Amino acid sequence: MKRLTILDLQKKKDQKEKLVAVTAYDATFASLVDDAVDVVLVGDSLGMVIQGHENTLSVSLDDMVYHTKAVNRKLTHAHLVVDMPFLTYQVSKEKAVQNAGTLLKAGAQSVKVEGGVEICETVCTLTKLGIPVMGHVGLTPQSVHQLGGFRVQGKESYQKDQLIRDAKHLEEAGAYAVVLESIPQDLAQEITHRLKIPTIGIGAGVYCDGQVLVIYDLLGMDPQFQPKFLKRYANLSETIQAAVQTYAREVREEKFPTEEHSFH
Ligand code: KIV
């Protein structure tokens, strides 16, 4: 099967077909989601859901390369976009090119960066050099301390205007799509209407061109994490805990393994 390209993703917006994106961080999940979605994101959310940190700031380029290689080995259909972690693209355009190139060498088909007008020169440099870029505005988790926490953005009218400008500038700088995270629905609708490139929402309402969710969230792996924007499509935390408890009990009661699981 042919891997989807940024041109295929644009075609979907043009044909009013919704884009479906999900995160994956390892080979097993990559092969499980590949057929069902258009885009797989190796998100720096791995700092939280894989590494157990409170935010994404400590994720390194080496971490992203490791997970990108694992995911890329199992994708045959979905487009693979990879987050550039904190401080791998903000310091200089040279560093950004070098680091984005490293992710492409690891198997990424495109990279994602957080921020608006302030990173557009970098986006322009990357895209002119042939490195496709997905933007990310609204709640940008790498700015969690500046934003004062993981909070909905763009509620005030001055913020709305700024976010529209950010998205528009990203498009002009050459971004092929933009993630809109945790912003009011009407603002996401306005941005989606004004942009030719696809918008991909998470906590941005029903009018975006596509949606993205963290795979562990949509599968219900963390019973504590219940934000308004999340719909759980499974309750795997209960399934996994019940399975492991049954396994533990059977080992302790000498019900597993049986003759059936033994070599003779
Ligand atoms: O890191 C991530 O998983 C993301 C998505 C939530 C958009 O940026």
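Counting convention: from 1, in listed order, for ligands and their atoms alike. Keep in mind the model is a prediction, meaning the values are calculated, not measured.
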When rounded to the nearest 0.5 angstrom, what is the spacing between CD in Q109 and CG in L80?
6.0 Å
Quick one about D83 and Q142 (side-chain donor to acceptor, distance below 3.5 Å, no hydrogens or angles considered), yes or no?
no
Under 3.5 Å, is there a donor-acceptor pair between the side chain of K13 and the main chain of I197?
yes
Answer yes or no: is there a donor N or O on one side and an acceptor on the other, between the side chain of D63 and the main chain of S60, under 3.5 Å?
yes
Using only atom types and a distance under 3.5 Å, with no angle test, would you say the side chain of D38 pairs donor to acceptor with the backbone of L19?
no
Put together the list of close N/O pairs, under 3.5 Å, between ligand 1 and the protein, could you?
unit_1	atom_1	unit_2	atom_2	d
ligand 1	1 (O)	D44	N	3.2
ligand 1	1 (O)	D44	OD1	3.1
ligand 1	1 (O)	S45	N	3.0
ligand 1	1 (O)	S45	OG	3.3
ligand 1	1 (O)	D83	OD2	3.0
ligand 1	3 (O)	S45	OG	2.5
ligand 1	8 (O)	K112	NZ	2.9

Assess the side chains of Y25 and S45: does a donor N or O sit below 3.5 Å from an acceptor N or O?
yes
